[in-house]
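All chains are named by letter (A, B, ...) in the order of the sequence lines, taking the proteins before the strands, and each is independently numbered beginning at 1. Excluded from the calculations below are hydrogen atoms, water molecules and symmetry mates; all remaining heavy atoms, backbone and side chain alike, are included.
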Amino acid sequence: MTTDVNNTPSENLEGKKDFIREIIDAHNASGRFGGQVYTRFPPEPNGYLHIGHAKSISLNFGLADEYGGQTNLRFDDTNPTKEEQEYIDSIIKDVRWLGFDWEELRYASDYFEQLYQWAVKLIEQGVAYVDDLSADEIREHRGTLTEPGRESPYRNRSIEENLDLFTRMRAGEFKNGAKVLRAKIDMASPNVNLRDPVLYRILHAEHPRTGNAWCIYPMYDWAHGQSDSIEGITHSICTLEFEDHRPLYDWFIDQLGIHHPQQIEFGRLNVTYTVMSKRKLLRLVQEKHVRGWDDPRMPTLSAARRRGVPPKALRDFATVTGVSKTNGMVDMQMLEYYIRQELNKTVPRVMGVLRPLKVVLTNYPEDLVEEFEAQINPENPAEGTRKVPFSRVLYIEQDDFMETPPPKFYRLSPGREVRLRAAYFIKCEEVIKDADGNIVELRCTYDPTTRGGDAQDGRKVKATMHWVSAAHAVEAEVRLYDYLLTIPNPADMDENKDFLDYINPKSEEVIERAFIEPSIKGAEIGKQVQFERLGYFAVDSDSTPDKLVFNRTVTLKDEWTKLQKTAGAG
RNA sequence: UGAGGGAUAGUUCAAUGGUAGAACAGUGGACUCUGGAUCCAUUAAUCUUGGUUCGAAUCCAGGUCCCUCAGCCA
C-alpha cells in the first residue's frame with residue numbers, strides 16, 4: 001500500500017513510541033478494533049497541500065503501514081462554495097509524489113444520501129430539529145464562552161413538522177440561510193460545540209462532484225465522523241484544534257449506534273521563515289506576491305517538487321520531527337538538512353558559474369581543447385565520470401577572486417595558486433580592469449604538470465574551484481531562492497503590520513545568464529543536479545528547448561559565507 | 001473570568017519512580033581535488049513553589065505562562 005518509504009529515520013527511532021502508537025498498542029492489547037489499523041487522510045479540496053500536510057500524510061500512511069493496515073484518501077468536500085476540481089487534482093498528484101498510495105479514494109460527498117438518512121433518523125429520535133433562526137440570531141442564542149446559551153423558539157417542533165421541513169429543505173423550497181438542521185444537545189454545555197450544533201445548511205451552489213443534486217450540505221462535524229465510520233476507519237487522526245469537537249464526534253456516532261472510530265489529535269507542524277495557513281497562502285497567490293501555488297518560494301508540496309526537493313526529505317523530516325501534542329515551530333534548517341542529505345547521495349555533480357569572471361590562461365595554446373574526466377558523484381564512484389572540456393578562456397565565479405584577500409580567504413588572488421577542479425593548478429598573474437576600475441578579466445598561467453588536478457611534486461593548494469570553458473558553456477537562467485519571510489516566526493510581527501510586510505525581498509533572485517558545463521545539455525524538466533560548491537538545483541518547468549531555467553533547491557553548507565557573516569556582525 | 005489541551009538544551013523530540021539522551025542549529029578539531037560530504041570532540045534544558053519517596057522530568061497540591069473554542073468554514 002505504501003511505496004518507496006523504506007530507510008526512513010524511523011528505523012533509528014526503534015523502541016521510542018509516540019503517544020499515538022501507544023494508544024494503538026493499547027487498542028491492540030484490549031482488542032478494541034480486533035488488531036486493525038485503518039487510517040485516512042482527509043483534506044478539504046480548497047487549496048494546495050503544504051509541508052504541514054506532509055506530516056499528516058506521512059503519519060497516517062506510515063501508521064497503517066507499520067501496523068499492517070490501510071489508509072484511504074478522502075476529500076472532505078462538504079462546502080461547494082470553497083472547493084474546486086483543481087485542488088482535488090493537485091492533492092491527488094501531491095500525495096502520490098510524496099510516495100504514498102491509498103487503499104481507496106473516497107469523497108465525503110459519496111455519503112451525502114446516507115448522511116441525509118441518518119439526519120432523518122436523528123429527527124425521528126427527537127434529537128434534531130429544523131431551526132428558522134438567522135445566523136445572527138443563532139450566534140446570539142449560543143451565549144458566550146462564559147455564559148450559557150438560550151434555546152431557540154423552534155427547538156421543540158414536533159417530529160412530524162421537523163421531518164416535513166427537512167424534506168422541503170432538501171427539495172429546495174427555501175433560500176440560503178432560511179433554515180438549518182441542528183442537533184438537540186445542550187444549550188448550556190460548557191463546550192460550545194455541544195450547544196445545538198448545525199448539521200445542515202442550505203447552499204444553492206454547484207458541487208464539483210454532485211453538481212446540483214443537493215442544495216443542503218452537511219457541516220464538517222456531521223460529515224466527518226460518520227464518513228470515518230462508513231469507511232471502517234479505526235483511528236481518526238486530526239490536529240489539536242479538534243479536541244473540543246471529539247465529544248460531538250462521539251455523540252453523533254453513539255446516537256446512530258454505528259462503528260465508532262477513535263479520534264486522536266496531534267500538534268501541527270510549523271516551519272520557520274514561512275507561513276502555513278491556507279488563508280495566508282491563498283492571499284500570497286491571489287494578491288500575486290508569488291507566481292502561483294507552485295512558486296518555488298511557497299511551502300506547498302507542488303512548490304517543493306518544482307524547486308527540486310526530494311519527497312524522501314519531506315518524509316524523513318516528518319518522521320524526525322515526531323508527533324506530540326505541542327504545536328511546534330521547527331527550524332527550516334532541519335528540513336534543509338534532510339534535503340541536502342538525500343540530494344548529496346543521489347544527484348550528479350556539474351560545474352556552473354553563476355556570476356562569471358573571465359580568466360585567460362596566457363600560456364595555454366590558443367586552439368587546444370582538452371577533455372577532463374570528472375566524477376559524476378564522489379559519494380558514489382560507481383556512477384563513473386563525465387567529460388568536461390577545457391580551453392584557454394574560462395569563467396570562474398566572481399566570488400572566488402579577491403584582489404586584496406582578507407585573512408582566511410583561500411581562493412584566487414594575485415600571485416596565488418589554486419586548483420581548477422579536475423583540471424590544472426592555475427596562478428593569477430594580472431588583473432585587468434575597465435575604465436571604472438571594475439575587474440573584468442584575469443590573466444593566469446597554468447601548470448601543465450598538474451594535469452588532472454594532481455601536483456607531481458606534491459605541493460598543496462588551499463582551494464579547489466569550479467570553472468567552465470567559455471567556448472563550451474551552456475547559457476542558462478538560474479533562480480536563487482531564499483526564505484519567504486524575513487522573520488522566523490510570523491507570529492512575532494508587530495501588531496499593526498501584516499505578514500506581507502515581512503516578505504523577503506530577496507526571496508527570489510534571477511540570474512539571467514549563468515554558464516553551465518556542456519554535459520547539462522538536454523536536461524529535462526525536474527532534473528536535479530548539484531552545481532559544485534554552490535548548491536542543489538533543479539530544471540524548472542519554465543525551461544524551453546532553447547533555454548534551461550534552474551531553481552536553486554538549497555545551498556550547500558558554506559563555511560566561508562558563515563565566516564563573512566559573523567565577521568560582518570562583529 | 002467557561003471548557004479543552006500544553007510546558008525538558010536555541011529548535012523538534014526521548015527518558016513512563018532509578019545515570020536527563022538524540023537530531024538539527026552552535027563551537028572546536030581531523031580529513032578532503034567541492035570552505036561540500038565524512039569523522040571526532042564539545043556547549044547547552046526538566047516553567048515555578050511546596051509535598052510524597054531512599055530516590056521525582058515522571059506521582060500529589062497550589063501557582064505561572066502558552067495554545068484552541070463563541071462559522072450556516074474545515
Discussion item. Rounded at 0.5 Å granularity, tell me how far NZ in A:K82 sits from CG in A:D77.
Written reply: 14.5 Å
Worksheet item: Now, which nucleotide makes the Watson-Crick or G-U wobble pair with B:G2, with each of the two distances under 3.5 Å?
Response: B:C69
Worksheet item: For the side chain to side chain contact (heavy atoms under 4.5 Å, CB included) test, which of A:D400, A:L420, A:V350, A:I396 pairs with A:H466?
Response: A:D400
Fill in: Any N/O donor-acceptor pair, A:E265 side-chain to B:G4 base, under 3.5 Å
no
Worksheet item: Does A:T146 put a side-chain nitrogen or oxygen below 4.0 Å from OP1 or OP2 of B:U1?
Response: no
Worksheet item: Does the side chain of A:T326 get closer than 4.0 angstrom to OP1 or OP2 of B:C13 through an N or O atom?
Response: yes
Practice prompt. For A:G328 and for A:P378, find the nucleotide of RNA chain B with the closest heavy atom, then tell me which residue's nucleotide is more 5'.
Written response: A:G328
Worksheet item: Mind checking who B:A22 pairs with, Watson-Crick or G-U wobble, both distances under 3.5 Å?
Response: B:U12
Discussion item. According to a cutoff of under 5.5 Å between the ring centres and under 30° between the ring planes, does A:Y337 stack with the base of B:A23?
Written reply: no
Worksheet item: Do the numbers put A:R419 on top of the ring of A:F425, so that NZ or CZ is under 6.0 Å from the six-membered ring centre and no more than 45° off the axis?
Response: no
Practice prompt. Can you label the angle between the A:Y249 ring and the A:H224 ring as parallel, tilted or perpendicular, going by 30° and 60°?
Written response: tilted
Worksheet item: Does B:G55 sit syn or anti, given that only angles within 90° of 0 count as syn?
Response: anti
Fill in: RNA chain B-proximal residues of residues 195-205 of chain A, any heavy atom under 4.0 Å
A:V198, A:R201
Item to complete: Write down the partner of B:A41 under the Watson-Crick or G-U wobble criteria, each distance required to be under 3.5 Å.
Response: B:U27
Worksheet item: Does the cation-pi check pass for A:K427 over A:Y446, that is, NZ or CZ under 6.0 Å from the six-membered ring centre and within 45° of its axis?
Response: no
Worksheet item: Counting only side-chain N and O atoms of A:R139, is one of them less than 4.0 Å from OP1 or OP2 of B:G71?
Response: yes
Worksheet item: What nucleic acid atoms does A:V461 come within less than 4.0 Å of, heavy atoms only: base, sugar-phosphate, or nothing?
Response: nothing
Worksheet item: Taking the nucleotide of RNA chain B with the closest heavy atom to each, which residue, A:K462 or A:L335, is nearer the 5' end?
Response: A:L335
Discussion item. Over 60° means perpendicular and under 30° means parallel, so tell me whether A:F390 and A:F372 are parallel, tilted or perpendicular.
Written reply: perpendicular
Worksheet item: Counting only side-chain N and O atoms of A:K562, is one of them less than 4.0 Å from OP1 or OP2 of B:U27?
Response: yes
Worksheet item: Between A:R142 and B:G71, is there a side-chain N or O to OP1/OP2 distance below 4.0 Å?
Response: yes
Fill in: Distance, rounded to the nearest Å, where A:Y220 contributes OH and B:U68 contributes P
17 Å
Worksheet item: Using 30° and 60° as the class limits, which term best fits the ring planes of A:F166 and A:Y116: parallel, tilted or perpendicular?
Response: parallel
Discussion item. Checking contacts here: which listed nucleotide (B:A25, B:G6, B:G35) is nearest the side-chain heavy atoms of A:F409?
Written reply: B:G35
Fill in: Under-3.5 Å donor-acceptor pair between A:E379 side chain and B:U38 base
no
Worksheet entry | Reference residue A:P43; test side chain to side chain contact (heavy atoms under 4.5 Å, CB included); the match among A:I88, A:L73, A:V95, A:I57 | A:L73
Item to complete: Establish whether the base of B:U11 is bridged to the side chain of A:Q333 by a donor-acceptor pair shorter than 3.5 Å.
Response: no
Worksheet item: Below 4.0 angstrom from OP1 or OP2 of B:G35, is there any side-chain N or O of A:R533?
Response: yes
Fill in: Of the listed nucleotides B:A3, B:G35, B:U34, the one nearest the side chain of A:P190
B:A3
Discussion item. Looking at A:T78, I'd like to know whether one of its side-chain N or O atoms comes within less than 4.0 Å of OP1 or OP2 on B:C73.
Written reply: no
Worksheet entry | Base partner of B:G17, which must satisfy Watson-Crick or wobble distances under 3.5 Å | none
Fill in: Opposite nucleotide pairing with B:U58, Watson-Crick or G-U, both atom distances under 3.5 Å
none
